[in-house]
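Right, one structure below, let's go through it.
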Protein chains: 2
Amino acid sequence: MASIKDVAAEAGVSVATVSRVLNDHPSVSPAARATVLAAVETLGYRPNAVARSLRTDQTRTLGLVISDVLNPYFTELARSVEEEARALGYSVIIGNADERPELQDHHVRTLLDRRIDGLLVSPTDGSSPLMLDTARAGTPMVFVDRWIPGMDVPVVRADGRTAIHNLVTHLHTLGHRRLAIIAGPAATTTGSERVAAFREALQEYGLPLPDAYIGQGDFQAASGRRVTEEFLDLPEPPEVVFAADNLMALGALDAIRARGLRVPDDIALAAFDDIAWFVHTDPPITAIAQPTPELGRAAVRALVDRIEGRPPQSVTLPARLVVRQSCGEPVPPQPSPPPHSSPQRSNT
Amino acid sequence: MASIKDVAAEAGVSVATVSRVLNDHPSVSPAARATVLAAVETLGYRPNAVARSLRTDQTRTLGLVISDVLNPYFTELARSVEEEARALGYSVIIGNADERPELQDHHVRTLLDRRIDGLLVSPTDGSSPLMLDTARAGTPMVFVDRWIPGMDVPVVRADGRTAIHNLVTHLHTLGHRRLAIIAGPAATTTGSERVAAFREALQEYGLPLPDAYIGQGDFQAASGRRVTEEFLDLPEPPEVVFAADNLMALGALDAIRARGLRVPDDIALAAFDDIAWFVHTDPPITAIAQPTPELGRAAVRALVDRIEGRPPQSVTLPARLVVRQSCGEPVPPQPSPPPHSSPQRSNT
DNA sequence: CTGAAAGCGCTTACAG
DNA sequence: CTGAAAGCGCTTACAG
């Protein structure tokens, strides 16, 4: 592979001059520029990003550590992150933690070893010594979706409180009184916040949230299945199951179907995080939609601000309730439901 | 950030010795090793991967360029690729081409600039000069899922021919005679092969495949919607729509629902690529499942073989038909359908 | 077993 | 406007 030396030789100039034209440095004569460019062309030269990074101490790369790529919410988040980063001249390397703290740390470490310019993370758990050290060491960092309380790091996230309140109102109106939730890990902010918001909303309606109606999930389908089975085995099963993410809703659906029960007649179901398939499930699922692409973009902008020396900004965007049929009261059939253009886009 | 010099100073040895213990070089005295390790510990030293890469001319990084991360099939593929790569000591950088050739080339170029050790690609189109040059330049390369005919690069993929044949048999048995397909881009191998296999199978049953029954999609939901609308507008609409991927099936479902039609009573639907949600759609969708995680693993192994000087192997694994209810003849209700453990795992 | 030194491919003050 | 030279943080023959 041709190096800058080869180009210099071909063009009959020094490597310094080649470097200058490559970096659009102003003080290069038009003539020199032309010959260098010609040499670059004939050799098919491409600068070695590794060498450049070593020299300039910047990689123009962002690290993104998410808790689960297979979760459509995170896939969509990752996609918008990459898009915005590309628009700002950065690449992104994704690390999938699979909801496993050790794997999360592995990726953070690898990313740091590669000297990424900044780190975007949706932490798998409530605290990680490595994360603390990283922030303390001055690595530009921004939390997306989930965050670690007490750390002085900007947070970009959706607030689901109002939407959850609206959901409970919806459920209450439909006559449901025994509401249960499949929670995410209590160690994650989204895991605990959604339960808290749910509990608060229930309180406003004078509804209890007994421990038996708080199932401990881990944001994965299998846990949704397991918790739902436990709910159904209760002497007095809930009338509604609210899954704190779309994967656990999938598991809940599996469990309900396995028992030969029907939604919403036998039990109602709602989910946090909306996905395109929810329109076509049997029945269509009522869900809370996050402004995911906006979150991804805002997170990148905050991180790049931080990297480039501007003050980064925390951002909180509202989530919203999308009512469909899974909680009862069949909505009058719409002649033509608004189409969605991508599998993860929310509908309605 | 501490450098190897700092460690050397702290340990009272030369950087060469530090480097040796870091790389497990045999000729280091136990005493030296111990002091160096201690120094590493107290300084919290982590080797700079950028510098190491520049020096050793290897990055221990694989590039993966896929056509669409939002497509669950590719998400799952990416995940298994990363897993296998990690097991073999490599990182992977994913580039999402979004089915756009220019974006694909952008990622390939960026990856090459970063001097990745090898490239895994599922090409967006039939030929790319850049891809040709890359292979010719000797960059280790392997195609996954899709490939570019005529290039001497190992291919790891699933063969859907038999499964498609089985699907047609299934449809024919159910009495369907007017079968249509929403094809992927003809420039992709998977796009054209699936049509070819479908046509061949129809021929065996003496069934025609008129041009009007071949809709040109692009593997995205919107195209599935558009093509399905065209099908439904035909004087004689098809009885079955076979979508060449799961996203176009989603679009087809959107279009069918928008017309107030029902599956399978008014029109049957089947899809290539299985996803967990297909069990819960109304009705559950008959699909062709690929052994996706196996493909990802095999692709990484082939690429790493190539990188490390062993002869790489092309691999073809069979896809299989998963019959559900979307083509008619409701399957007798199963008391307990086999659960799936991840959202993209195929069921049944 | 150990260290001094060269060199990977760049960028960038410094001098002219 | 241009070039010679230093240096980013490593690894690795070479000599001892």
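Scope of the values below: all heavy atoms of this structure, side chains included, with no hydrogens, waters or symmetry mates. Order of the sequence lines fixes the chain letters, A, B, ..., with proteins taken first and strands second; residue numbering starts at 1 for each chain.
For the residue pair Ser3(A) and Asn48(A), no side-chain donor N or O sits within less than 3.5 Å of a side-chain acceptor on the partner. In this model, no donor atom of one side chain and acceptor atom of the other lie less than 3.5 Å apart for Asp145(A) and Thr190(A). Using a 3.5 Å distance cut-off with no hydrogens or angles, the side chains of Arg146(A) and Ser67(A) do pair a donor with an acceptor. Counted by atom type alone, Gln220(A) and Asp68(A) present one or more donor-acceptor pairs between their side chains at under 3.5 Å. Side-chain contact annotation: Arg114(A) with Thr61(B), donor-acceptor N/O pair under 3.5 Å present.
Without hydrogens or angle criteria, Thr75(A) side chain to Asn71(A) main chain gives a donor-acceptor distance under 3.5 Å.
The shortest non-hydrogen separation linking Asp105(B) to Ser128(B) is OD1-OG, 3.2 Å.
The gap from the C1' atom of dG16(D) to that of dT12(D) amounts to 16 Å, rounded to the nearest Å.
Taking 4.0 angstrom as the limit, Thr17(B) places a side-chain polar atom (N or O) nearer than this to OP1 or OP2 of dG3(C). Between Ser14(A) and the phosphate of dG3(D), there is a side-chain N or O to OP1/OP2 separation shorter than 4.0 Å. Residue Ser27(A) has no polar side-chain atom (N or O) positioned under 4.0 Å from OP1 or OP2 of dT2(D).
Remark: Glu308(B) does not engage Arg301(B) in a salt bridge, criterion side-chain N to carboxylate O under 4.0 Å.
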Report task. Dot-bracket notation for DNA chain D is requested: 5' to 3', Watson-Crick or G-U wobble pairs only, both distances under 3.5 Å, with ( ), [ ], | and . as defined. Result -> |||.||||||||.|||
**Report entry** Protein proximity profile, nucleotides 5-11 of chain D - base contact B, sugar-phosphate-only contact S, no contact -, cut-off 4.0 Å on heavy atoms
**Finding:** -BBBBBB
